[in-house]
Amino acid sequence: MLSLKYLIVSLSDVYSMLIFVYVMLSWFPTNRGILADINTVLGKICDPYLNLFKKFIPPIGGMVDVSPIVALLVLQFGVRLLIGLL
């Protein structure tokens with residue numbers, strides 16, 4: 001059971017890191033090159049989860065999107081809750 005808990009926590013940490021990198025890449029121009037390829041792949045991985053939160057949390061001032069922060073918090077607390085229940 002301990003290895004299952006470790007696997008779940010590790011996968012959530014990796015996914016959190018992918019979301020973090022994806023959000024950080026949004027600050028840089030990624031029109032072409034390797035950054036564009038990385039951004040495309042991360043978008044396909046992260047956008048389905050992030051879009052759940054973007055539906056309910058509008059950008060602050062029309063520019064600052066806080067939905068990734070909420071998404072990361074929900075992911076981390078949800079995984080910790082799941083591990084506590086196992």
*Would you say Asn51 and Lys54 make side-chain contact, with heavy atoms under 4.5 Å?*
yes
*Within a strict 4.5 Å, meaning less than it, do heavy atoms of the Asp65 and Phe53 side chains meet?*
no
Examine [X] and [Y] and state if one hydrophobic cluster contains both, with Ile, Leu, Val, Met, Phe, Trp and Tyr joined whenever side-chain heavy atoms are less than 4.5 Å apart.
| X | Y | answer |
| --- | --- | --- |
| Leu50 | Leu73 | no |
| Tyr49 | Met17 | yes |
| Val21 | Met24 | yes |
| Ile69 | Phe20 | no |
| Leu4 | Tyr15 | yes |

*Side-chain hydrophobic cluster, 4.5 Å single linkage: members besides Tyr6*: none
Contacts table for residues 75-86: side-chain donor-acceptor under 3.5 angstrom, sequence neighbours left out:
residue	atom	partner	partner atom	Å
Gln76	OE1	Arg80	NH1	3.3
Gln76	OE1	Arg80	NH2	3.3
Gln76	NE2	Ser16	OG	2.6

All N/O donor-acceptor pairs, side-chain side in residues 33-47, below 3.5 Å, sequence neighbours left out:
residue	atom	partner	partner atom	Å
Asn39	ND2	Thr30	OG1	3.2
Thr40	OG1	Ala36	O	2.8
Asp47	OD1	Tyr22	OH	3.1
Asp47	OD2	Tyr22	OH	3.1

